[in-house]
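Following: one structure in structure tokens, then a few remarks.
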Amino acid sequence: MNIQELRKSPYLGAEVEIAQLPNGAKLNKNLAYAGSKEQQIIPITNGVTALVNFSVENTVIIEGNEGVIIWDTGSYTSVGKRKYEALRQISDKPVKAIIYSHNHYAMGTTAFVGDGKGVEIISHPDLHRNVTQGMTELGPSLLRNGGQHFGYYLPRTGPDAGLAAVENVLDTDKSSGYIQPTYGVKDGEEMIIDGVRIQFYHTPADTNDSLTIWLPDHDVVVTNSIWHLYPNLYTLRGQPYRNPVEWINGIDMIRSKNPQYLVPEHGMPMLTREKSYELATYYRDGIAFVYSQTIRGINKGMKPDDIADSIELPEHLANFPQLKEAYGELKHHVKGIYSGLIGWFSLDAADINPVPISFRSKRIVEGFGGPEFVIDASNQAFENKEYAWAAELITHLINIEPTNSQAKQIKANALRQMGYVTPAVSSRAFYLTQALVLEGKVDLNYIPPGFPGTLDEKEMRKHVDKSIKLLEFKINPNNSKEIDQILSISTTDLNQEFGLHIRKGLAEFINQKPNRADLRIELPSEILSDIIFGKITIEAAFESGKVKTNDDVKEIAAFFSVFE
């Protein structure tokens with residue numbers, strides 16, 4: 001790629017028209033749509049209504065003989081309450097059933113049905129497992145990364161403000177109202193719910209538990225496989241591989257139905273057969289083009305970055321409204337596909353065992369003539385609007401001088417400008433969040449109360465085994481390499497007994513009473529959770545009198561001290 005082609009990048013000097021939202025947010029004009037969407041109650045056909053722009057996802061209300069069936073309740077309680085109020089503008093019938101499209105929007109349910117007794121809740125068979133286990137190992141990382149991705153760390157007003165209409169930063173109650181499904185449907189299964197004939201299809205998209213429903217008597221398809229923007233085949237916050245082939249197959253199933261009405265998970269419903277088929281076809285072609293061209297590049301032996309730089313959507317797809325590159329960026333999806341199929345190795349032998357980051361950065365800084373020359377070159381790159389190069393170059397100095405405030409500010413300045421010019425909302429949120437981190441204005445390790453995606457504490461109390469297992473991922477191997485001990489943990493309120501074995505640098509959770517134990521404690525499950533999540537030390541728990549043992553308290557404290 002020559003220098004002229006590189007200049008097409010907004011991160012390397014391409015001209016970008018900047019806009020400002022009412023909350024002061026500064027952004028690429030192509031993203032300004034995010035602040036102007038109005039809530040709409042849209043009749044699809046007799047007995048089917050869509051709630052659009054009440055949050056990022058659509059909710060569909062299907063009227064039955066005696067009640068209503070709800071497709072998706074929202075990503076947390078505030079959303080559910082807002083949508084329930086809209087439901088009551090349409091119908092006073094009771095909620096008979098709820099359908100979860102996938103695990104992202106199953107958290108507003110209690111707002112619709114209270115405790116859910118007597119209500120059928122239908123989902124993909126894997127959804128509940130994904131909800132309850134998805135946070136176990138990577139919980140802190142997913143919260144931190146998700147917070148950056150959606151802009152939850154950003155201020156509410158000013159140039160760096162989050163895009164409120166997209167990210168719902170103004171909602172106050174972000175608690176989970178999730179209720180476990182009562183039934184997991186089979187692929188292709190047809191059910192009659194309150195007199196409504198519904199056929200369910202497993203259509204993996206951004207999650208492997210995604211569903212599409214077909215209402216044959218209404219000629220309506222509702223799906224999570226189609227959105228209002230180019231889909232995130234890869235997401236910056238980190239998720240399991242999203243298989244484009246499965247995603248395309250799901251959309252092709254929709255095309256085979258050729259419905260009169262098509263309601264996508266995000267964006268405006270299509271109300272004619274022609275528009276519905278056009279949307280489905282363009283959308284699958286947008287995914288298929290990127291996938292096929294990535295495969296082509298892999299087979300030609302190209303490196304992932306080179307493939308990503310070489311792929312552009314054909315003009316007719318790039319100009320299609322629902323394929324705008326405004327959520328994620330095409331380059332990221334290409335590299336996500338490469339990684340999902342091939343893995344981390346670029347197939348350049350120099351990448352098999354690269355030098356350590358600190359070694360590379362030290363040599364680059366030396367090659368520029370020293371820190372002051374790197375600072376000068378980074379400032380010059382910034383003045384030339386080569387923001388990406390300024391951020392990358394100054395990072396080498398930060399790697400070897402992490403407290404260098406001048407270097408950190410240069411990187412913050414570069415990232416901030418990249419946030420203002422980026423065409424993608426998730427990139428903007430990451431750039432601006434990390435600029436604020438460098439300036440000491442944001443702490444990514446602080447998770448505010450009610451942070452979206454945090455597991456409800458009451459729910460965690462039900463899963464003491466999962467809480468203890470988290471310690472497997474918190475052990476410091478250097479501090480535990482000489483320890484080989486088994487701790488027996490008895491929960492006095494639950495009458496359950498578990499074991500935890502520290503074995504020379506690793507920990508193993510034992511989901512039953514251990515056959516032997518070197519140390520033993522008895523305590524309420526609530527205190528155990530508080531210890532595991534760092535709300536109280538084991539020493540303070542002993543002092544409170546709520547933890548009992550016949551063993552040496554100091555030895556038990558030493559056992560727990562190796563966990564971060």
Subject >> Contacts of type salt bridge (charged side-chain N to carboxylate O under 4.0 Å, His left out), residue E472, not counting sequence neighbours >> reply: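 Applying salt bridge (charged side-chain N to carboxylate O under 4.0 Å, His left out) to E472 gives K469.
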Indicate the atoms forming the closest heavy-atom contact of [X] with [Y], along with that distance.
X    : Y    : answer
S525 : V464 : CB-CG2, 3.7 Å
S101 : W71  : CB-CZ2, 3.1 Å
S175 : Y76  : O-CB, 3.4 Å
F112 : G80  : CE1-O, 3.6 Å
P269 : V52  : CD-CG2, 4.1 Å
E312 : L330 : CA-CD2, 4.4 Å

Are [X] and [Y] within salt-bridge range, i.e. N to O under 4.0 Å?
X    : Y    : value
D252 : R255 : yes
D219 : R273 : yes
R197 : E190 : yes
K83  : E57  : yes
K93  : E63  : yes

Does the side chain of [X] reach to within under 4.5 Å of the side chain of [Y], using non-hydrogen atoms?
X    : Y    : value
D72  : V60  : no
I44  : T49  : no
N445 : R144 : yes
I69  : I98  : no
F54  : I41  : yes
N65  : V196 : no
I295 : L341 : yes
H218 : N46  : no

Rounded to the nearest 0.5 Å, how far does [atom2] of [Y] lie from [atom1] of [X]?
X    : Y    : atom1 : atom2 : result
S529 : K466 : OG    : NZ    : 12.5 Å
I99  : I193 : CD1   : CD1   : 5.0 Å
K324 : N319 : NZ    : CG    : 5.0 Å
H228 : N58  : NE2   : CG    : 9.0 Å
Q20  : K29  : CD    : NZ    : 13.5 Å
R428 : Y420 : CZ    : OH    : 7.5 Å

Any donor-acceptor N/O pair, [X] side chain to [Y] backbone, under 3.5 Å:
X    : Y    : value
N232 : G328 : yes
R416 : L432 : no
S346 : K303 : no
T491 : Q496 : yes
N30  : P423 : no
T182 : E120 : no
N258 : Y277 : no
R82  : E85  : no
Y230 : A326 : no

Please check if any side-chain donor atom of [X] sits under 3.5 Å from a side-chain acceptor atom of [Y], or the reverse.
X    : Y    : value
K257 : Y201 : yes
N208 : N243 : no
Y100 : N224 : no
S210 : T203 : no
T433 : Q148 : no

Original post:
Yes or no on ring pair (Phe, Tyr, Trp, His ring centres under 6.0 Å) for Y11 and Y431, after CA distance, side-chain angles and deciding distance?
Top reply: CA-CA 12 Å; Y11 310 124; Y431 284 134; 5.8 Å; yes
Inspect the surroundings of [atom1] in [X] and state if more than 12 heavy atoms from other residues, nucleotides or ligands are less than 6.0 Å away.
X    : atom1 : answer
E189 : CD    : yes
D217 : CG    : yes
K275 : NZ    : no

Subject >> With H102, the side chain to side chain contact (heavy atoms under 4.5 Å, CB included) member among D209, D126, N130 >> reply: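 The option that passes is D209.
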Original post:
Parallel under 30°, tilted from 30 to 60°, perpendicular over 60°: which one fits the rings of F150 and Y152?
Top reply: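 The arrangement is tilted - the two ring planes meet at 30° to 60°.
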Subject >> Geometric class of the H202/H124 ring pair [parallel <30°, tilted 30-60°, perpendicular >60°] >> reply: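 Judged by the thresholds at 30° and 60°, the geometry between H124 and H202 is tilted.
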Original post:
Could you walk me through whether V221 and T212 pass the side chain to side chain contact (heavy atoms under 4.5 Å, CB included) check?
Top reply: CA-CA 7 Å; V221 163; T212 292; 3.8 Å; yes
Original post:
Do H149 and Y327 have their ring centres less than 6.0 Å from each other?
Top reply: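 Between Y327 and H149, which both carry aromatic rings, the centre distance is below 6.0 Å.
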Original post:
Does the ring center of Y105 lie less than 6.0 Å from the ring center of H266?
Top reply: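 When the ring centroids of Y105 and H266 are compared, they turn out to be within the sub-6.0 Å range.
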Original post:
Between Y291, W227, Y283, which is the residue that forms a ring-ring contact (aromatic ring centres under 6.0 Å, His included) with W247?
Top reply: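 It is W227, the one option of Y291, W227, Y283 that forms the ring-ring contact (aromatic ring centres under 6.0 Å, His included) with W247.
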